[in-house]
Protein chains: 2
Amino acid sequence: MTSTLGYAILAVLARGERTGYEIAAAMRRPVSYFWTARHSQIHAELQKLATGGLVAFDARHGPGPQDKKVYRLTAEGGDALRVWVTEPPRERPERDELVLKTYASWLADPGLVRRLFAEQLRVHEERLAEYEREEELFEGPPDPGDPRFGNYATLRCGLGYERHRAEWCRWMVAQLSASL
Amino acid sequence: MTSTLGYAILAVLARGERTGYEIAAAMRRPVSYFWTARHSQIHAELQKLATGGLVAFDARHGPGPQDKKVYRLTAEGGDALRVWVTEPPRERPERDELVLKTYASWLADPGLVRRLFAEQLRVHEERLAEYEREEELFEGPPDPGDPRFGNYATLRCGLGYERHRAEWCRWMVAQLSASL
DNA sequence: CCAGACTATGTCACTTCTGACATAGTCTGA
DNA sequence: TCAGACTATGTCAGAAGTGACATAGTCTGG
């Protein structure tokens with residue numbers, strides 16, 4: 001019933017109470033890179049979750065025309081999250097624009113394709129460096145029962161991903177250099 | 001103007017003429033794992049592309065109530081595709097349900113989380129074996145001007161991705177085993 | 001000979017996500 | 001003191017994607 005975005009919000013609220021604005025910030029890279037949404041979607045989803053009784057909020061005086069709402073997980077919300085966590089994820093279709101461009105790259109000028117991948121390589125190397133800096137803040141993997149284990153494990157995934165991606169870009173650049 | 005799905009269809013048609021049905025099949029794993037869509041979306045997009053003059057078709061007698069339509073790339077379609085290929089890809093938000101579950105995994109029973117990752121590990125190892133079998137059909141990387149270069153390069157990406165993913169799952173299983 | 005798979009195109013309601021618009025208080029540094 | 005960034009919530013039109021429904025000919029194996 002609850003959408004994946006709903007569980008993403010519950011997962012953030014499991015760490016402590018937050019406003020919608022703070023949830024949106026928490027879901028942005030590089031802090032917690034797992035599921036992103038615009039604030040417009042988050043506010044809408046929070047309303048659904050509140051209706052369903054999975055979250056609750058206190059309205060407090062805030063900036064802007066409306067009160068600010070500090071959301072927290074309810075007992076039902078916590079239960080729903082815990083059940084969902086260990087269910088197998090549904091297969092999401094892979095939609096990767098760079099891979100698609102690669103598939104069609106034989107049509108284009110190799111010099112331009114090479115430049116595209118050189119740029120992408122730089123992006124991934126920078127992101128990798130950023131993640132490595134963040135990893136140093138941990139002193140080894142936290143215990144699997146510690147909330148920080150979630151952060152560390154997703155960071156590990158990101159590190160592996162960026163390494164794989166950078167390596168692939170390097171391979172592409174090498175292939176395209178050989179043919180020039 | 002044209003959506004990414006539109007370019008995905010153009011990229012398939014660049015290899016030769018196809019019916020909508022065949023395009024849908026080509027975009028399914030494991031043959032060409034880059035961008036997927038249901039036939040309902042593909043038929044709708046083909047109509048838009050035809051209206052825009054990027055593809056053309058011949059109607060031929062086919063099964064079912066309608067004629068079958070064999071689509072091909074027009075000169076305009078080819079030009080549009082070639083221009084698009086070397087433009088930097090727009091950043092797509094990362095939405096990975098397994099990573100999200102990982103982020104919330106500290107809440108759940110470690111034994112169940114471990115099982116989840118053991119299952120995922122098996123999935124990735126199987127997919128890796130499948131890709132490796134497919135790689136053997138190539139005798140080294142084709143020339144970057146060869147259409148098969150597109151297939152080979154996307155396969156390389158898939159191989160790297162599955163290796164990274166499997167390694168991460170193995171690490172997760174090890175973490176969760178240590179704590180039992 | 002017939003069931004079931006495969007080929008083939010299409011519509012439609014619905015969910016998800018994006019990007020723009022709207023509003024307004026607080027805090028910080030030049 | 002004033003611009004600009006940050007905090008904060010919301011609406012809405014539209015694009016993108018899903019899953020079910022509808023229809024019907026051909027081909028293959030039991």
Side-chain angles (χ1 to χ4, degrees), chain A residues 1-9 12-13 17-28 31 34-52 55-71 89-97 100, chain B residues 1-9 12-13 17-28 31 34-52 55-71 89-97 100:
Chain A
M1 245 235 69
T2 306
S3 67
T4 307
L5 173 61
Y7 288 110
I9 291 172
V12 172
L13 288 179
E17 44 176 52
R18 301 270 192 284
T19 64
Y21 182 86
E22 287 169 335
I23 294 168
M27 283 167 66
R28 261 200 306 276
V31 190
F34 45 82
W35 201 275
T36 46
R38 305 303 170 109
H39 77 271
S40 57
Q41 220 189 332
I42 289 172
H43 285 302
E45 191 65 35
L46 279 168
Q47 283 170 23
K48 280 188 214 166
L49 292 171
T51 304
V55 302
F57 63 88
D58 290 316
R60 293 178 202 167
H61 174 72
Q66 290 92 15
D67 278 350
K68 81 171 178 178
K69 296 175 183 171
V70 181
Y71 289 90
R90 40 171 207 158
E91 282 286 319
R92 288 214 125 220
E94 201 67 43
R95 291 204 180 90
D96 189 322
E97 206 168 292
L100 178 55
Chain B
M1 248 234 70
T2 307
S3 67
T4 307
L5 173 60
Y7 289 110
I9 291 171
V12 172
L13 289 179
E17 44 176 51
R18 301 270 192 286
T19 65
Y21 183 86
E22 286 167 337
I23 294 168
M27 282 167 66
R28 260 201 307 276
V31 188
F34 45 81
W35 201 274
T36 46
R38 306 300 169 109
H39 78 270
S40 58
Q41 221 189 331
I42 288 172
H43 286 301
E45 191 65 36
L46 279 168
Q47 283 170 22
K48 281 188 214 166
L49 292 171
T51 304
V55 301
F57 63 88
D58 290 317
R60 291 179 203 168
H61 174 72
Q66 290 92 16
D67 278 349
K68 79 170 178 181
K69 296 174 182 173
V70 181
Y71 288 90
R90 41 170 206 157
E91 282 286 319
R92 288 213 125 221
E94 201 66 42
R95 292 206 178 90
D96 190 322
E97 207 169 292
L100 177 55

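Since the structure is predicted, the reported quantities are computational estimates derived from the model, not experimental observations. Below, chains carry the letters A, B, ... as their sequence lines are ordered, and counting in each starts from 1.
When distances run from any side-chain atom of Lys69(A) to the nucleotides dG10(C), dA8(D), dG10(D), the shortest one goes to dG10(D).
For Glu97(A), the side-chain hydrogen bond (donor to acceptor under 3.5 Å, both in side chains) partners at least two apart in sequence or on another chain are Thr4(B). Under the rule for a ring pair (Phe, Tyr, Trp, His ring centres under 6.0 Å), Tyr21(A) has no partner lying at least two apart in sequence or in another chain. For Glu94(A), the side-chain hydrogen bond (donor to acceptor under 3.5 Å, both in side chains) test picks out Tyr33(B), with sequence neighbours left out. Partners of Asp67(A) by side-chain hydrogen bond (donor to acceptor under 3.5 Å, both in side chains), not counting sequence neighbours: none found.
Here the CG atom belonging to Leu100(A) is positioned 11.5 Å from the CZ atom belonging to Arg95(A), to the nearest 0.5 angstrom.
Atom OH in Tyr21(B) sits roughly 10 Å away from atom P in dT9(C) (whole-Å rounding). Ile42(A) has its CD1 atom 14 Å from the C1' atom of dT7(D), to the nearest Å. With rounding to whole Å, His43(B) atom NE2 is found 16 Å from dG17(D) atom P. With rounding to whole Å, Met27(B) atom CE is found 10 Å from dT18(D) atom P. For the pair Lys68(B) NZ and dA24(D) P, the interatomic distance rounds to 19 Å; values are reported in whole Å. Taking atom CG on Leu46(B) and atom P on dA16(D), their separation rounds to 15 Å, with Å as the unit. Between the CZ atom of Phe57(A) and the P atom of dA8(D) there is a distance of 16 Å, given to the nearest Å.
Looking at every heavy atom in both residues, Ala8(B) comes nearest to Met27(B) through CB-CE, 4.1 Å.
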Nucleotide by nucleotide, nucleotides 12-22 of chain C touches protein heavy atoms under 4.0 Å in the pattern (B base, S sugar-phosphate only, - none) ----SSBBB--
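Glu22(A) contributes a side-chain N or O that, together with a main-chain N or O of Thr19(A), makes up a donor-acceptor pair within less than 3.5 Å. Here the side chain of Arg18(B) pairs no donor or acceptor atom with the backbone of Tyr71(B) at under 3.5 angstrom.
Comparing the axis of the opening five pairs of the helix from dC1(C)-dG30(D) to dA30(C)-dT1(D) with that of the closing five pairs yields an angle of 40°, rounded to 10°.
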